[in-house]
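What follows is a single structure, written as structure tokens, with notes after it.
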Amino acid sequence: MVLENLSFLRELNSSQQRVVKTSFGPLLVIAGAGSGKTKTLVCRLAYLVHQGVPPEKILLLTFTRKAAKEMIERASELLKRDCQKISGGTFHSLCQYMLRFYGYLLGYHSNFTILDRSDAEDLLNLLRNSLGFTDKKKRFPKKDTLVTIYSKIINQRKSLEEILSYEYPQFLDFFHEIEKLRIEYNNYKKEHQLMDYDDLLINWLLILKQYPQVRKEVGERYNFIMVDEYQDTNYLQGEIVKYMGEIHQNVMVVGDDSQSIYGFRGANFKNIFEFPNLFKNTKIIKLEQNYRSTQAILDLANIIISNSKIKYTKNLYTLRKEGEKPVLFKAKDEAEASKFIADRVLELREKGVKLSQISVLFRSAFHSFDLEVELSKRGIPFIKYGGLKLLESAHIKDLLSFLKILINPKDFLAWHRILLLLEGVGPKTAEKTINYLKTVEGHLNYILEKIPPQIPTKEVKHLVKLYKELLFKNFSPTEVLIKVWENYYPIFQRIYYEDYLKREKDIESLIALSEKYSSLEEFLTDLVLEPLEVGELGNISKEEEFLVLSTIHSAKGLEWHTVFIISLIEGRFPSYHSLQKEEELEEERRLFYVAVTRAREKLFLIAPTTVYLPGEGRVLAKISRFVQEIPPSLLNYYNETPTHQESTHNTKAVSSCFKIGDLVKHPHFGEGEILEIVSPEKVKVYFEKKGITLLHLKYASLEKLI
DNA sequence: CCGTACAATGTTTTT
DNA sequence: CATTGTACGG
């Protein structure tokens, strides 16, 4: 054996080495934030290959396909040998791949179409209309709510009744309609060779459960399974792992219960503790030494997690130096916060910290809007992760629908979208046309002949001409896209006349992206399984430096020299959605923990004391409970504005507590009198110090004086 | 039956 | 504020 190749092992500590060298049998690794988890995984891959395991026998499941790709590349570098044949990806991409082979067992062809969220919404809308659930007096749940409900049923393994009564009691009246629609939706998908995200998991699991032969074949195909971010898998994914590892038991999973942040989509960190029950004789190894952050940052992180009601499994420690204390800045408003960040960023850059080594993190995508404006004004280049997906914008969906038909002429969802684009075609005509097209068998060019002449538009003729050209010549995906784009352009200009210039950039990005692909099917599948984010492609030059703006969810697994966490106020972080529920509040806390542990050297916590709400103007904000509970000795206070002590009361105010004429006390404005109850959450108050103010009870903490 | 204009409504996180 | 529902004129 050539030992020089294994020199990378020397860089690991003893626990990490044990992880790497435990090749056979079930293994559970509990890896704290910054404990060198990724490095260990990479070394383990390299070690397996070095021991003679063929790369294609290894399956690596990660949270994004990008993460898998990067790990495989790093393993190749370590070994100086190509490991590209390692199968890596997300659970969804694995299931998709498997179902192309084995889907026939459930009656699926290998070219089934995957519905992304908006496709699923469109389909539900269509079915809802045809079931006549639309013209009721009371309001039926909207399409995106429906998708959410149906998905929760599957991922959280609850009944419709449970979900409705727990989270959507206002829709209980529609119980039967919602259930009926769900059945229709499922039937439609089966009939039309469609699967949504959840179907990918469910159907693959179903096959594994029902066919021992498949389990055997798959077990022989992948001898070693590794799963990253196991705390964010749900029950279905756990079961999939169980069955796929059944025959060889060579399954290794890594996770951190205190970093579980995907509960809303059914993830359950208890999966970690269940793992030893799925696999007998599981070895457990903990990685508790943190190599990333300074002691000062880690102290803060440890406090946050120890204030939790849940007892987590590890204690992080570091041998790193003390470091600077994290800085808390209470800004007057968001504009001041943004200015503060821009100033610090420029300072850091002067000192030689690269822009790409700085990030700004937030709970929800819109929290960074103000900052984005400020950064643009100052000419600081940034890139934003999280938020709107490119695929979800209407113009991209339009364009892709043209491609979908080319691949699957029976994709009536795509047909529907295209028909509606044509001038003079509305819902009725589209529906009629589709009902007619459903009866036509054969290839696309034949079907095109049969488009009923009820639509005598020029655009139809263009469409027919376009498809005839595309069908008979062998174009590359990019060429097809350009042809389709040329055809779509007049429609595009007509429909989006207000902002079509802005939208045009997205299309250019899409075309640029398509150049990497040689097959249209692959291109479309990839877009659904790894949705691109708006602007992700706009800045193609990789060498240029960008400040990173990201939701905390999208920042998982990453690290920076300096991290700013913004919008640390009640209602934003923790999000007001979670305020009522203990479990969700705990998840918010873990989310904050994840954010804090992204920082290596410097950490800034930023809370605006007022925020601007659309339509209401400036509203007072209360600093986040997660910040309040940090002992002051762990923080440096930047330029603390001379405000009074924050209220220590945790009571949540609702206007039903107040009536006109009540005397109230506010932490900043002192005593005042209620003038008007504007809505359940808004009150108008007169303060001696400030005058008349509109307060949002979601954000401001108001106490009643007796 | 289509398209437009206006009002209402409710805003997390993602494969 | 952007999406969804309603009212009306062509």
Side-chain angles (χ1 to χ4, degrees), chain A residues 61-67 89-96 114-118 120-121 125 128-129 134-137 139-145 147-148 151 154-155 170 195-201 229 232-234 236-237 260-267 361-367 369 385-389 391-394 419-420 422-432 454-455 457 494-495 498-499 525-531 533 550-556 567 571-579 584 587-588 590-591 594-595 612-616 679 681 698:
Chain A
L61 294 171
T62 54
F63 210 67
T64 62
R65 289 197 301 169
K66 200 170 131 227
T90 61
F91 272 92
H92 289 87
S93 67
L94 166 77
C95 293
Q96 175 266 146
I114 304 170
L115 303 178
D116 69 12
R117 196 192 167 92
S118 50
E121 286 176 2
N125 232 12
R128 183 236 261 162
N129 290 339
T134 170
D135 47 14
K136 291 266 164 65
K137 304 231 162 53
R139 52 190 222 291
F140 199 71
K142 283 192 295 184
K143 55 186 182 169
D144 57 322
T145 314
V147 173
T148 308
S151 183
I154 291 160
N155 287 297
Q170 71 273 32
M195 290 195 210
D196 61 22
Y197 288 130
D198 296 331
D199 293 327
L200 293 173
L201 298 179
E229 311 280 10
D232 286 323
T233 57
N234 62 24
L236 295 172
Q237 292 163 326
S260 165
I261 54 175
Y262 279 87
F264 66 92
R265 76 178 204 208
L361 305 181
F362 32 85
R363 169 71 244 257
S364 315
F366 75 91
H367 295 164
F369 286 170
Y385 296 100
L388 248 190
K389 295 281 183 284
L391 208 71
E392 274 156 29
S393 50
L419 289 169
L420 283 180
L422 306 179
E423 209 157 14
V425 181
K428 293 287 172 194
T429 315
E431 201 187 332
K432 268 189 225 156
Q454 305 155 345
I455 331 165
T457 345
R494 172 167 56 82
I495 304 180
E498 276 177 332
D499 57 352
T525 301
D526 271 20
L527 279 178
V528 179
L529 290 179
E530 192 94 351
E533 297 186 2
S550 176
T551 59
I552 299 167
H553 284 91
S554 301
K556 186 156 111 156
S567 281
R572 284 196 171 186
F573 199 175
S575 156
Y576 68 89
H577 296 279
S578 66
L579 259 28
E584 291 180 31
E587 182 152 314
E588 299 283 311
R590 292 192 294 269
L591 200 54
V594 169
Y612 190 85
L613 290 186
E616 293 159 36
S679 81
E681 292 193 307
K698 213 156 74 185

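When reading the values below, keep in mind they use all heavy atoms of this one structure, side chains included, and skip hydrogens, waters and symmetry mates. Order of the sequence lines sets the chain letters (A, B, ...), proteins ahead of strands, with each chain counted from 1. The model shown is predicted, which means the values in this text are computed figures rather than measured ones.
In this structure, a donor-acceptor pair under 3.5 Å is absent between the side chains of A/Ser575 and A/Ser578.
A close approach under 4.0 Å does not occur between any side-chain nitrogen or oxygen of A/Lys142 and OP1 or OP2 of C/dT3. Under 4.0 angstrom from either OP1 or OP2 of B/dT13 there lies no side-chain N or O belonging to A/Ser575. Contact annotation: A/Ser578 does not reach the phosphate of B/dT12 (side-chain N/O to OP1 or OP2, under 4.0 Å).
Separating the NZ atom of A/Lys143 from the P atom of C/dT3 is a distance of 9 Å, rounded to the nearest angstrom. In this structure, the CD1 atom of A/Ile261 is 14 Å from the C1' atom of B/dT15, given to the nearest Å. Taking atom CD on A/Glu229 and atom P on B/dT14, their separation rounds to 14 Å, with Å as the unit. Protein atom CZ of A/Arg128 is 10 Å distant from nucleotide atom C1' of C/dG5, rounded to whole Å. Atom CZ of A/Phe366 and atom P of B/dG10 are 17 Å apart (whole Å). In this structure, the CD atom of A/Glu587 is 13 Å from the P atom of B/dT13, given to the nearest Å. Between A/Leu527 atom CG and B/dT14 atom C1' there is a gap of 16 Å when expressed in whole angstrom units. Here the P atom of nucleotide B/dT12 and the CG atom of A/Leu579 are 14 Å apart, to the nearest Å.
In this structure, A/Arg590 contributes its side chain and A/Ser260 its backbone to a donor-acceptor pair below 3.5 Å. For A/Ser364 (side chain) and A/His367 (main-chain N/O), no donor-acceptor pair under 3.5 Å exists by modelled atom type. At least one donor-acceptor pair under 3.5 Å links the side chain of A/Ser93 to the backbone N or O of A/Thr90. Here the side chain of A/Asp232 pairs a donor or acceptor atom with the backbone of A/Ile261 at under 3.5 angstrom.
By the stacking rule of 5.5 Å between ring centres and under 30° between planes, A/His577 stacks on the base of B/dT12.
Applying the 3.5 Å distance criterion, the base of B/dT15 shares no donor-acceptor pair with the side chain of A/Arg265.
Within the 4.0 angstrom heavy-atom criterion, no nucleotide atom of any strand lies near A/Phe91. Across all strands, A/Leu529 comes closer than 4.0 Å only to sugar-phosphate atoms, never to a base (heavy-atom distances).
The side chain of A/Thr90 has B/dT15 as its nearest neighbour among C/dT4, B/dT13, B/dT15.
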Short N/O separations, protein against nucleotides 2-5 of chain B, under 3.5 angstrom:
residue, atom, partner, partner atom, Å
B/dC2, OP1, A/Gly426, N, 2.9
B/dC2, OP1, A/Gly426, O, 3.4
B/dC2, OP1, A/Thr429, N, 3.0
B/dC2, OP1, A/Thr429, OG1, 2.3
B/dC2, OP2, A/Lys428, N, 3.4
B/dC2, O5', A/Gly426, N, 3.4
B/dG3, OP1, A/Gly424, N, 2.5
B/dG3, OP2, A/Val425, O, 3.1

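Comparing A/Arg363 and A/Val528 by the nucleotide of DNA chain B whose heavy atom lies nearest to each, the residue mapping closer to the 5' end is A/Arg363. Residue whose closest nucleotide on DNA chain B sits further toward the 5' end, between A/Glu584 and A/Glu392: A/Glu584.
Nearest heavy-atom pair across A/Arg494 and A/Leu422 is NH2-C, 4.1 Å.
For A/Glu431, the side-chain contact (heavy atoms from CB on, under 4.5 Å) partners are A/Asn435, not counting sequence neighbours.
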Might you work through the side chain to side chain contact (heavy atoms under 4.5 Å, CB included) test for A/His553 and A/Tyr262, ending with a clear yes or no? CA-CA 8 Å; A/His553 284 91; A/Tyr262 279 87; 3.5 Å; yes

